[in-house]
Amino acid sequence: MRNTSDRIALIFKVDNVEEKYKELKEKVEFITKPTAQERWEIKVAHFRDPDGSLIEIYESIG
């Protein structure tokens with residue numbers, strides 16, 4: 001998922017990661033499926049844009 005050479009990461013808050021994942025999975029190749037990150041009280045999923053920049057979508061779960 002995360003490459004130590006990533007120079008850009010775009011992070012977007014969404015209302016519902018599962019719904020946004022379902023909406024986008026036909027259009028982009030996700031690196032990670034929606035996963036709860038209990039420590040930070042968020043759910044996240046990741047993919048890359050055409051230039052290779054990391055994109056994260058997340059929602060608060062806490």
Side-chain angles (χ1 to χ4, degrees):
M1 172 199 54
R2 183 162 165 75
N3 181 340
T4 56
S5 65
D6 284 332
R7 295 183 58 138
I8 295 174
L10 302 172
I11 301 171
F12 296 95
K13 184 174 184 180
V14 297
D15 291 330
N16 187 303
V17 168
E18 296 284 347
E19 286 180 12
K20 189 57 72 174
Y21 174 82
K22 289 176 186 173
E23 177 185 331
L24 292 174
K25 72 179 181 178
E26 301 289 326
K27 300 173 186 170
V28 300
E29 184 176 337
F30 276 85
I31 300 167
T32 63
K33 293 182 178 181
T35 306
Q37 301 290 321
E38 306 278 335
R39 179 179 181 184
W40 295 285
E41 297 183 337
I42 59 174
K43 184 181 281 189
V44 299
H46 300 91
F47 61 96
R48 293 192 181 277
D49 72 9
D51 292 327
S53 300
L54 182 66
I55 299 177
E56 173 180 288
I57 57 173
Y58 83 96
E59 71 177 277
S60 296
I61 58 174

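This is a predicted model, so every value here is computed, not measured. Note that the numbering runs from 1 along the sequence shown for the chain.
In this structure, CZ on Arg48 lies 11.0 Å from CG on Leu10, to the nearest 0.5 angstrom.
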Between side-chain atoms of residues 35-42 and protein atoms elsewhere (two or more places apart, or another chain), which donor-acceptor pairs fall under 3.5 Å?
| from | atom 1 | to | atom 2 | distance (Å) |
| --- | --- | --- | --- | --- |
| Thr35 | OG1 | Lys33 | O | 2.8 |

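Partners of Tyr21 by ring-ring contact (aromatic ring centres under 6.0 Å, His included), not counting sequence neighbours, listed by chain and number: Phe30. Looking at residues two or more places apart in sequence or on another chain, you find no side chain to side chain contact (heavy atoms under 4.5 Å, CB included) involving Lys22. With sequence neighbours left out, Glu18 forms a salt bridge (charged side-chain N to carboxylate O under 4.0 Å, His left out) with Lys43.
Leu24 is not connected to Val44 by any chain of hydrophobic side-chain contacts under 4.5 Å among Ile, Leu, Val, Met, Phe, Trp and Tyr, and they are in different clusters. Both Ile8 and Ile57 are members of a single hydrophobic cluster when ILVMFWY side chains are connected at heavy-atom separations under 4.5 Å. In terms of hydrophobic clustering, with Ile, Leu, Val, Met, Phe, Trp and Tyr side chains grouped at heavy-atom distances under 4.5 Å, Ile55 and Val28 are assigned to a common cluster.
What you find for Ala45 and Val17 is that their closest heavy atoms are CB-CG1, 4.1 Å.
A salt bridge (charged side-chain N to carboxylate O under 4.0 Å, His left out) check over residues 49-62, counting only residues at least two apart or in different chains, returns nothing.
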